[in-house]
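In listed order, ligands and their atoms are each counted from 1. Bear in mind that the values here come from a model prediction, so they are computed numbers and not experimental data.
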Amino acid sequence: MTAPKLVQGYEVVIGFETHAQLSTHSKIFSRAPTAFGAEANTQACAVDMALPGTLPVMNIGAVERAIEFGLAINAHIAERSIFARKNYFYPDLPKGYQISQFEIPVVQGGEVSFFLEAGKETVRKTVRLERAHLEEDAGKSLHEDFIGQSGIDLNRAGTPLLEIVTQPDMRSSEEAVAYAKELHKIVTWIGICDGNMQEGSFRCDANVSVRKPGDPLGTRREIKNLNSFKFMQQAIDYEVRWQIDQIEDGHTIQQATVLFDPDTGETRAMRTKEDAADYRYFPDPDLPPLVIGRDWVERVKGEMAELPRVMAERFVHDYALPEYDATQLTQSKAVAAYFEATAKACGQAKLASNWIMGEVSRRLNASEMAIEQAQVSAAQLAALIGRISDNTISNNAARQVFEGLWNGEGEVDAIIEAKGLKQMNDTGELEKIIDDVLAANPKNVEEFKAGNAKALNGLVGPIMKASKGKANPGQVNALLMKKLG
Ligand code: ADP
Ligand code: MG
């Protein structure tokens, strides 16, 4: 464990609550559809509107998705969990309570782990999960488009959510964002949530507190509904500075729920925080306990696709990749498939990994593209790697070929030919260039012979230049050593 990074002498403590909207077609306790963007109140049935006499019926699809999530994060799936009523008044909650899980959630424990940059190194960080429970979403109050009035849209009411709660294990905004990205990867990978943050399918609440190292946990404030990774980082950074300023000015932090305003970059208190007691939780008499037998869990397990961490382990094992590479390459199914296709076609897994994490991602990032839109296919990348390892081209030349491939200038060999990038494998020609460069740089030769190893760089550079980058660097080195004794 590395010591936590301090901010002005304070340790930052963060815990996350994430609402992942489950990708079922119908709602959690009714048959109404869940599709986003329909005209207001066209997707709310009698159950969602809480008309008298209606009763909730559990959607099995939502339960299966919760089981899949539990399996993906190595959690305990409760054999018997309980739905509870969380009572509060809000205009977009017609029942006057939300059906959720309280004392006994369906998913218990588990962990999410990911890599973090720490200076030049990367370290693995593990965040423990406390629980994940099933619950229904509320409707929406609409204050726009009305003249002095507000409206209620109940389309979202009853949409299935999985609320995923961590232990207060994160120690910086960077860790928090990395956790959120990893969680996002997991839920989209296993397909239980579409992950669309703009549409609110994946909403994070960040609980933030600060303390002097060694002190007990400080009082937290909860930043609600962070719906982009960029805002998440800004909001937490602002909140941390704000809390430290308050404490330094002699104030105490009041537990509160706050909102982040992207326009001002500030967090603002929305309400003081309710305690569990304020919600008067009690078991919902309309729903029996949720019973999940071992056989059900086993069946779901058997039907699930290979998990990212399992796939990463396989990459380490089958392709002899470092753990870090394997984790990077399993950031999405598409990236993993691209890697496997390249590695299989060229037989050089580590080179394939280097190219995908290097040149390919750089190019994708620069044009804000996903791997599916890569302009160089796995087969082309494999062919390119083949030409590096059979010494036809240098690494430098390979980068030019890659650019050519990306810009649609043809296939690997044709581009090498057209750009004249073939490495110089004719020793005679290379020796002549080296002799010329040695003759033109007597000072470097002297210094090298006097024991200054760095003087060699002053020779290699001009040689590579004179060969128009076509000399094989290994060969250049070998010849230089021979000539300089
Ligand atoms: P609630 O549901 O009322 O918000 P919980 O006790 O379930 O409260 O905690 C919510 C989240 O807050 C959890 O992710 C937990 O890890 C985190 N948390 C609890 N105490 C602190 C603290 N002092 N600082 C930062 N995060 C905290
Ligand atoms: Mg909370």
Ligand 1 to V165, heavy atom cutoff 4.0 Å, flagged ligand atoms 13 (C), 14 (O)
query: Is the W355 ring parallel, tilted or perpendicular to the F402 ring (thresholds 30°, 60°)?
result: tilted
Atoms of ligand 1 under 4.0 Å from any heavy atom of Q167, numbered from 1 in the order shown, are 16 (O)
Exercise. How about R220 and N207: does a side-chain donor come under 3.5 Å of a side-chain acceptor?
Worked result: yes
Legend entry - Between E111 and N74: side-chain donor-acceptor atoms closer than 3.5 Å: no
Here the atoms of ligand 1 under 4.0 Å from any heavy atom belonging to G15 are 14 (O), 16 (O), 17 (C), 26 (N)
Original post:
Can you find an N/O atom of R220 closer than 3.5 Å to an N/O atom of ligand 1?
Top reply: yes
K212 meets the salt bridge (Lys or Arg N to Asp or Glu O under 4.0 Å) criterion, sequence neighbours left out, with none
Quick note on ligand 1: atoms under 4.0 Å from a heavy atom of F16 include exactly 14 (O)
Checklist entry - Can we say E403 and R363 salt-bridge, meaning some charged N sits less than 4.0 Å from an Asp/Glu carboxylate O? => result yes
Closest heavy-atom approach to atom 16 (O) of ligand 1 among T257, T166, I14, T18 is made by T166
Side-chain H-bond candidate by donor/acceptor type, Q233 with E174, under 3.5 Å
yes
Handout entry: Test of proximity, G218 against ligand 1: N or O pairs below 3.5 Å
Key = yes
Those residues at least two apart in sequence (or on a different chain) that pass ring pair (Phe, Tyr, Trp, His ring centres under 6.0 Å) with F102 are Y281
The atoms of ligand 1 lying under 4.0 Å from a heavy atom of P168, numbered in the order shown, are 16 (O), 26 (N), 27 (C)
For L217, the atoms of ligand 1 under 4.0 Å from one of its heavy atoms are 23 (N)
Can you classify the ring geometry of F16 versus Y179 as parallel (below 30°), tilted (30 to 60°) or perpendicular (above 60°)? perpendicular
So, regarding E17 and ligand 1 (criterion: nitrogen or oxygen to nitrogen or oxygen, under 3.5 Å), is there a contact or not? yes
Note: ligand 1 atoms sitting under 4.0 Å from heavy atoms of E222 are 4 (O)
